[in-house]
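Please read the structure below before turning to the comments.
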Protein chains: 2
Amino acid sequence: MASQLPRPEVRPPARVRLLLIQLGYHAARRLNARLEPLGLEPRHYGVLRAIAAREGATQQAVGSRLDLAPPRMVALIDDLEKRGLVERRRNPSDRRAYGLFLTASGRSCLDEALAAAESEEEALLGGLDPAQRAQLELLLREIAEHQGLGDAVLP
Amino acid sequence: MASQLPRPEVRPPARVRLLLIQLGYHAARRLNARLEPLGLEPRHYGVLRAIAAREGATQQAVGSRLDLAPPRMVALIDDLEKRGLVERRRNPSDRRAYGLFLTASGRSCLDEALAAAESEEEALLGGLDPAQRAQLELLLREIAEHQGLGDAVLP
DNA sequence: TATTGTTATACTCTATAACTATA
DNA sequence: TATAGTTATAGAGTATAACAATA
């Protein structure tokens with residue numbers, strides 16, 4: 001009997017959780033669209049940033065920071081090296097390991113990507129005034145902290 | 001020369017865009033984790049909700065609403081039917097098409113899933129008081145509208 | 001001929017396991 | 001023997017194209 005109560009098929013209007021998921025997805029897609037003209041896929045963008053943050057680090061170091069398995073890193077660095085954005089330099093004191101470095105072209109590519117991300121932020125928040133933006137950032141940070149996501153932010 | 005300026009490798013602290021992407025991803029993962037014990041994968045959850053919102057709709061109707069290609073719908077409905085959550089009923093007036101309906105077990109499964117989503121919302125917003133929650137929802141809705149995402153919300 | 005649903009096929013992505021070269 | 005990186009292999013997931021039944 002109880003199972004045949006008239007249920008509201010349509011739930012109450014979208015909640016915060018749903019909004020977050022959708023907006024996060026939307027923001028990610030928009031960013032990717034801005035990266036595409038630069039020839040950068042999201043995964044490459046992430047690796048580029050991680051290398052820039054710790055130039056000279058080994059593949060494994062960067063990989064474990066991004067939670068990418070070794071074979072995955074090999075493929076990604078292969079891509080970036082083929083495109084002349086990243087360079088593998090042998091470590092003379094341990095000839096098994098490589099140090100990863102951005103090339104000049106890699107630096108400028110990353111700069112463009114960061115600028116694209118910046119302008120995407122602007123487009124995303126276009127409807128909010130500065131006070132609202134600050135408030136939103138505060139609330140989101142609060143949630144992130146409460147969820148223990150402090151370290152998930154890359155650099 | 002200009003290319004050799006000391007650049008801040010580490011960007012200014014995470015921005016709203018990044019926070020949104022990360023929190024959205026986090027929220028989606030948390031929800032999926034809550035759905036798993038019910039034997040529901042995210043894709044099935046979405047289809048279940050779409051069917052509940054318009055019971056009797058054809059596969060194509062549901063599929064186009066969720067932006068899923070026909071072969072994908074076939075596989076998904078196969079899954080759900082095999083698990084006794086959804087039923088295909090032939091349409092007598094057009095014997096090519098099926099109408100999709102939830103079974104009793106499908107309804108209760110969806111109910112549990114919706115309850116799980118509800119409790120996940122609670123967990124997610126645990127750090128905010130009611131006024132903050134309302135404010136956050138307002139700000140997010142503002143962005144969603146400004147981004148033209150009005151219809152992306154399912155039901 | 002057009003449409004609903006289905007099946008068959010190919011492709012991308014990723015993860016796991018085996019291998020090499022240094023240490 | 002252990003470790004950094006690589007290669008080979010296998011699997012999941014998805015998209016595209018061809019197909020059957022009905023209109």
Side-chain angles (χ1 to χ4, degrees), chain A residues 21 25 28-29 31-33 35-36 39-48 50-51 54-83 85-103 106, chain B residues 21 25 28-29 31-33 35-36 39-48 50-51 54-83 85-102:
Chain A
I21 292 176
Y25 181 69
R29 280 205 336 184
L31 178 62
N32 298 350
L35 256 31
E36 202 177 355
L40 274 189
E41 292 173 58
R43 44 188 167 177
H44 298 130
Y45 173 60
V47 174
L48 229 45
I51 294 175
R54 332 188 133 195
E55 258 184 309
T58 64
Q59 284 189 194
Q60 289 210 0
V62 173
S64 80
R65 176 143 184 84
L66 297 174
D67 203 34
L68 299 176
R72 193 126 169 55
M73 279 301 291
V74 172
L76 290 173
I77 302 300
D78 279 354
D79 291 346
L80 293 171
E81 203 174 36
K82 223 171 287 171
R83 298 201 25 221
L85 303 178
V86 164
E87 191 186 350
R88 284 173 167 115
R89 290 191 206 151
R90 282 240 176 253
N91 179 345
S93 74
D94 182 347
R95 293 167 39 73
R96 292 173 304 183
Y98 288 113
L100 297 178
F101 296 86
L102 295 187
T103 65
Chain B
I21 292 176
Y25 181 70
R29 281 206 334 185
L31 179 61
N32 298 349
L35 256 30
E36 202 177 355
L40 274 189
E41 292 174 58
R43 44 188 169 180
H44 298 129
Y45 173 61
V47 174
L48 229 45
I51 294 175
R54 333 187 132 195
E55 258 183 308
T58 64
Q59 282 187 196
Q60 288 211 1
V62 174
S64 80
R65 176 142 183 83
L66 297 174
D67 201 35
L68 298 176
R72 193 126 167 55
M73 280 300 292
V74 172
L76 290 171
I77 302 300
D78 279 354
D79 291 347
L80 293 170
E81 202 173 36
K82 223 170 287 172
R83 299 201 23 219
L85 304 178
V86 164
E87 192 186 351
R88 284 173 168 114
R89 290 191 206 152
R90 280 238 177 258
N91 179 346
S93 74
D94 183 345
R95 294 169 38 73
R96 292 174 303 184
Y98 287 113
L100 297 177
F101 296 85
L102 295 187

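Basis for what follows: all heavy atoms, side chains included, without hydrogens, waters or symmetry-related copies.
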Under the side-chain hydrogen bond (donor to acceptor under 3.5 Å, both in side chains) rule, collect the residues that match up with Y98(B), sequence neighbours excluded. R90(B)

Atom CG of D79(A) to atom C1' of dT14(C): distance rounded to whole Å? 14 Å

Sequence neighbours excluded, the answer for salt bridge (Lys or Arg N to Asp or Glu O under 4.0 Å) partners of R95(B) is none

Below 4.5 Å, heavy atoms only, C-beta onward: do L102(B) and V86(B) meet side chain to side chain? yes

Whole Å only: how far is the NZ atom of K82(A) from the P atom of dT6(D)? 12 Å

Return the value, rounded to whole Å, for the distance between atom CG of L76(A) and atom P of dG5(D). 14 Å

Round to a whole Å and report the spacing from CG of N91(A) to P of dT3(D). 17 Å

Q59(A) CD to L100(A) CG distance, which is reported to the nearest 0.5 Å: 5.5 Å

I'd like a table of atom pairs between the protein and nucleotides 1-5 of chain C - only N or O on both sides, under 3.5 Å - with the distance next to each one.
| unit_1 | atom_1 | unit_2 | atom_2 | d |
| --- | --- | --- | --- | --- |
| dT3(C) | O4' | R96(B) | NH1 | 3.3 |
| dT3(C) | O2 | R96(B) | NH1 | 2.8 |
| dT4(C) | OP2 | Q60(B) | OE1 | 3.0 |
| dG5(C) | OP1 | Q59(B) | N | 3.4 |
| dG5(C) | OP1 | Y98(B) | N | 3.0 |
| dG5(C) | OP2 | Q60(B) | N | 3.0 |

Nucleotide dT6(D), atom P - distance to CG of D78(A) in whole Å: 6 Å

According to side-chain hydrogen bond (donor to acceptor under 3.5 Å, both in side chains), who are the partners of R96(A), at least two apart in sequence or on a separate chain? D94(A)

What's the CG-C1' distance between L68(A) and dC13(C), to the nearest Å? 13 Å

List, one per line, each side-chain donor-acceptor pair under 3.5 Å for residues 71-78 of chain A, sequence neighbours excluded.
| unit_1 | atom_1 | unit_2 | atom_2 | d |
| --- | --- | --- | --- | --- |
| D78(A) | OD1 | R88(A) | NH1 | 3.0 |
| D78(A) | OD1 | R88(A) | NH2 | 3.1 |

Could you go through nucleotides 13-15 of chain D and list every protein N or O atom that sits under 3.5 Å from one of its N or O atoms, giving the distance for each pair?
| unit_1 | atom_1 | unit_2 | atom_2 | d |
| --- | --- | --- | --- | --- |
| dT14(D) | OP1 | R72(B) | NH2 | 3.2 |
| dT14(D) | OP2 | R43(B) | NH1 | 3.2 |
| dT14(D) | OP2 | R72(B) | NH1 | 3.4 |
| dT14(D) | OP2 | R72(B) | NH2 | 3.2 |

Side-chain heavy-atom pair R54(A), V62(A) within 4.5 angstrom cut-off: no

In whole angstroms, the gap separating P of dT20(C) from CZ of R95(A) amounts to 18 Å

Would you indicate whether Y25(A), at its atom OH, is surrounded by more than 12 heavy atoms from other residues, nucleotides or ligands within a distance under 6.0 Å? no

